[in-house]
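The structure appears right after this line, and notes come after that.
Quantities reported herein were computed from a predicted structural model and do not represent experimental measurements.
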Amino acid sequence: MTSTTPPIETASAEEYDEIGRFVGTLFHHGVDPETHETERAVFEPDRALLVRDRAELVASAAAYTRELGVPGGALPAAHVTLVGVTPTQRRRGLLTAMMHRQLREIHDGRREPIAVLWASEGRIYPRFGYGLAAQRLHVTGETSELRLPPPTPDEGPLRLARPTDCRADLARVYDRTRVDRPGWSARDDRWWRYVLVDPESQRGGATERRAVLHEGPDGVDGYGLFRTKAEWDDAGPKGLANVDEVVATDPVAYRAIWRMLLSLDLTRQLSWMRAAVDEPLLRMVDEPRRLSARVVDALWVRVVDVPAALAARRYATDLDVVIEVTDSLLPENTGRWRLHGGPTEANCTPASGPADLACDVRCLGELFLGGAGLTQLADTGRLQELRPGVLRAAAPAFTWHRAPSALEVF
């Protein structure tokens, strides 16, 4: 930023309404009062950065304080949000200045090992060290062409409910499941209200959101969140089932919930925007092509503190390598780090010997949740094998038995 560029300021709670209107304008949507009030409860003014040109708000960047699931556990992660610059102030360094300031505050003040975000455009955030850490499947299926295996005796009953009426059941199932799924964020009461807010103005002509719950031997062990939209043509009904989440603690509940969702009366189409890339549904239906699943990006991760982050996750196999890392924005991360770990523990310390691998901090973000592989990144030319054979030996360790996924946009 030049000396004539306005300074970056920390927001106050009183500026929340203005920030909401500002971000809504940048993302080309209005401000829904119900959603706006729900989001107020999770807004953290001391983590919101603003730039004003005289009195006018021209740029913002904020973060939420949450925990993110990672391979083998969970750790604090800055959930970056509300990022934007007004069109009249683009290409003046405002975004760069805010991202630098935010990363420094996360590193020094919050001491969160990683930051995570959804990118409005994939080209924006790699220059700040963010790597594509989790992908998702966008499923748009023809349900009339799909069949599941026949029901089994161990499938329990299903019941429908309003999501807000069964939030405690949803939370119990979610918390039991998320410990084993990298990319899922912790949800307290505020965040459940955020996830379940359902204003009519944002339904796109569909019904209100509904929940279907599966009753197992010990209570609710799976749920689905969905809505439907009526459509007809000369041949009859062709309604749409729009699925938000399907979460289950075992395959029986998962299968039973999907059997209902794929056979809703008067529906012939399915839309599911945030399926995991290893979603079991693709292996359960008899015609997976009819799901028309396409891979798109989901979570982007920025490793903010290299030794703390690499020591916080677990590794699928035993690992002992020295990685030479470059980080132009947080020079504390630049250097050689010995990573020693496995399925139950890990540590990362400065190394003085020769490096086995070399990469930038963006590559570490891509590897962090287990969604990308060492060999894949080496094939891009952005990760280098410095000791022959180490790539093949170390690659399995960075994977995980479940692919990372993301259920919610924040």
Working to the nearest 0.5 angstrom, can you tell me the gap between [X] [atom1] and [Y] [atom2]?
{"X": "Lys238", "Y": "Thr267", "atom1": "NZ", "atom2": "OG1", "result": "12.5 Å"}
{"X": "Leu310", "Y": "Asn333", "atom1": "CG", "atom2": "CG", "result": "9.0 Å"}
{"X": "Arg47", "Y": "Glu105", "atom1": "CZ", "atom2": "CD", "result": "8.5 Å"}
{"X": "Leu225", "Y": "Asn242", "atom1": "CG", "atom2": "CG", "result": "11.5 Å"}
{"X": "Leu281", "Y": "Ile257", "atom1": "CG", "atom2": "CD1", "result": "12.0 Å"}
{"X": "Ile106", "Y": "Gln102", "atom1": "CD1", "atom2": "CD", "result": "4.5 Å"}

Are [X] and [Y] packed together at the side-chain level, in the sense that at least one heavy-atom pair is separated by less than 4.5 angstrom?
{"X": "Glu155", "Y": "Thr152", "answer": "yes"}
{"X": "Val70", "Y": "Leu369", "answer": "yes"}
{"X": "Trp258", "Y": "Val243", "answer": "yes"}
{"X": "Val51", "Y": "Val85", "answer": "no"}
{"X": "Pro126", "Y": "Trp300", "answer": "yes"}
{"X": "Glu39", "Y": "Leu82", "answer": "no"}
{"X": "Arg227", "Y": "Asp198", "answer": "yes"}
{"X": "Val296", "Y": "Met273", "answer": "no"}

Kindly check if the number of other-residue, nucleotide or ligand heavy atoms within 6.0 Å of [atom1] ([X]) is above 12?
{"X": "Asp379", "atom1": "CG", "result": "yes"}
{"X": "Arg40", "atom1": "CZ", "result": "yes"}
{"X": "Arg382", "atom1": "CZ", "result": "yes"}
{"X": "Arg52", "atom1": "CZ", "result": "yes"}
{"X": "Arg127", "atom1": "CZ", "result": "yes"}
{"X": "Glu287", "atom1": "CD", "result": "yes"}

Identify the two heavy atoms, one from [X] and one from [Y], that lie closest to each other, and give their separation to 0.1 Å.
{"X": "Trp118", "Y": "Leu299", "answer": "NE1-CD2, 3.6 Å"}
{"X": "Phe226", "Y": "Leu264", "answer": "CE1-CD1, 3.9 Å"}
{"X": "Leu262", "Y": "Leu146", "answer": "CD2-CD1, 4.1 Å"}
{"X": "Val390", "Y": "Val321", "answer": "CG2-CG1, 3.8 Å"}
{"X": "Pro331", "Y": "Leu329", "answer": "CD-O, 3.5 Å"}
{"X": "Pro404", "Y": "Ala134", "answer": "CB-CB, 3.8 Å"}

Check whether [X] reaches the backbone of [Y] with its side chain - one donor and one acceptor, N or O, closer than 3.5 Å.
{"X": "Asp327", "Y": "Val361", "value": "no"}
{"X": "Arg314", "Y": "Thr344", "value": "yes"}
{"X": "Thr38", "Y": "Glu34", "value": "yes"}
{"X": "Asp17", "Y": "Gly20", "value": "no"}
{"X": "Glu345", "Y": "Gly342", "value": "no"}
{"X": "Thr143", "Y": "Arg268", "value": "yes"}
{"X": "Arg172", "Y": "Asp221", "value": "no"}
{"X": "Asn347", "Y": "Ala311", "value": "no"}
{"X": "His214", "Y": "Tyr254", "value": "no"}
{"X": "Arg274", "Y": "Leu407", "value": "yes"}

Note to self: For a side chain to side chain contact (heavy atoms under 4.5 Å, CB included) check, start with the C-alpha distance between Val325 and Val303, then their side-chain angles and the critical distance, and finish with the verdict.
What the structure shows: CA-CA 11 Å; Val325 180; Val303 173; over 6 Å; no

Next item on the list: Give a yes or no on whether the ring-centroid distance for Trp191 and Phe410 is below 6.0 angstrom.
Entry: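 Here the rings of Phe410 and Trp191 have centres that are no less than 6.0 Å from each other.
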
Next item on the list: Could you tell me whether His36 and Tyr16 have their ring centroids closer than 6.0 angstrom?
Entry: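 Yes, ring centres under 6.0 Å apart.
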
Item checked: Intermediate values then yes/no, side chain to side chain contact (heavy atoms under 4.5 Å, CB included), Phe398 and Arg313 -> CA-CA 10 Å; Phe398 284 91; Arg313 61 157 289 182; 4.2 Å; yes

Note to self: Quick one, Asp356 with Leu386, criterion side chain to side chain contact (heavy atoms under 4.5 Å, CB included). Give me CA distance, side-chain angles, the key distance, then yes/no.
What the structure shows: CA-CA 5 Å; Asp356 301 311; Leu386 304 179; 5.8 Å; no

Less than 4.0 angstrom from a charged side-chain N to a carboxylate O is my criterion; do [X] and [Y] meet it?
{"X": "Arg21", "Y": "Glu18", "value": "no"}
{"X": "Arg66", "Y": "Asp188", "value": "no"}
{"X": "Arg111", "Y": "Asp305", "value": "no"}
{"X": "Arg104", "Y": "Glu332", "value": "yes"}

Note to self: For Arg159, give me all partners under salt bridge (charged side-chain N to carboxylate O under 4.0 Å, His left out), at least two apart in sequence or on another chain.
What the structure shows: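 Residues passing salt bridge (charged side-chain N to carboxylate O under 4.0 Å, His left out) with Arg159: Asp169, Glu215.
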
Item checked: side chain to side chain contact (heavy atoms under 4.5 Å, CB included) evaluation trace for Phe22 with Leu50 -> CA-CA 11 Å; Phe22 173 74; Leu50 307 179; over 6 Å; no

Item checked: Reference residue Glu245; test salt bridge (charged side-chain N to carboxylate O under 4.0 Å, His left out); the match among Arg181, Arg209, Arg187 ->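 Single salt bridge (charged side-chain N to carboxylate O under 4.0 Å, His left out) partner of Glu245 among Arg181, Arg209, Arg187: Arg187.
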
Checklist line | Partner set under side-chain contact (heavy atoms from CB on, under 4.5 Å) for Glu200, not counting sequence neighbours | finding: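 Once residues adjacent in sequence are excluded, the partners of Glu200 under the side-chain contact (heavy atoms from CB on, under 4.5 Å) criterion are Arg203.
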
Next item on the list: Report yes or no: is the cationic atom of Arg190 (NZ for Lys, CZ for Arg) under 6.0 Å from the centre of the six-membered ring of Tyr194, at an angle within 45° of the ring normal?
Entry: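 No, a cation-pi geometry is absent between Arg190 and Tyr194.
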
Next item on the list: Evaluate the ring planes of Phe128 and His100, with Trp represented by its six-membered ring, and classify them as parallel (under 30°), tilted (30 to 60°) or perpendicular (over 60°).
Entry: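 Taking His100 first and then Phe128, their aromatic rings stand perpendicular (interplane angle over 60°).
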
Margin query: Ser185 and side chain to side chain donor-acceptor pair (under 3.5 Å): which single residue from Glu67, Arg178, His79 fits?
Written below: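 When Glu67, Arg178, His79 are each tested with Ser185, the side chain to side chain donor-acceptor pair (under 3.5 Å) holds only for His79.
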
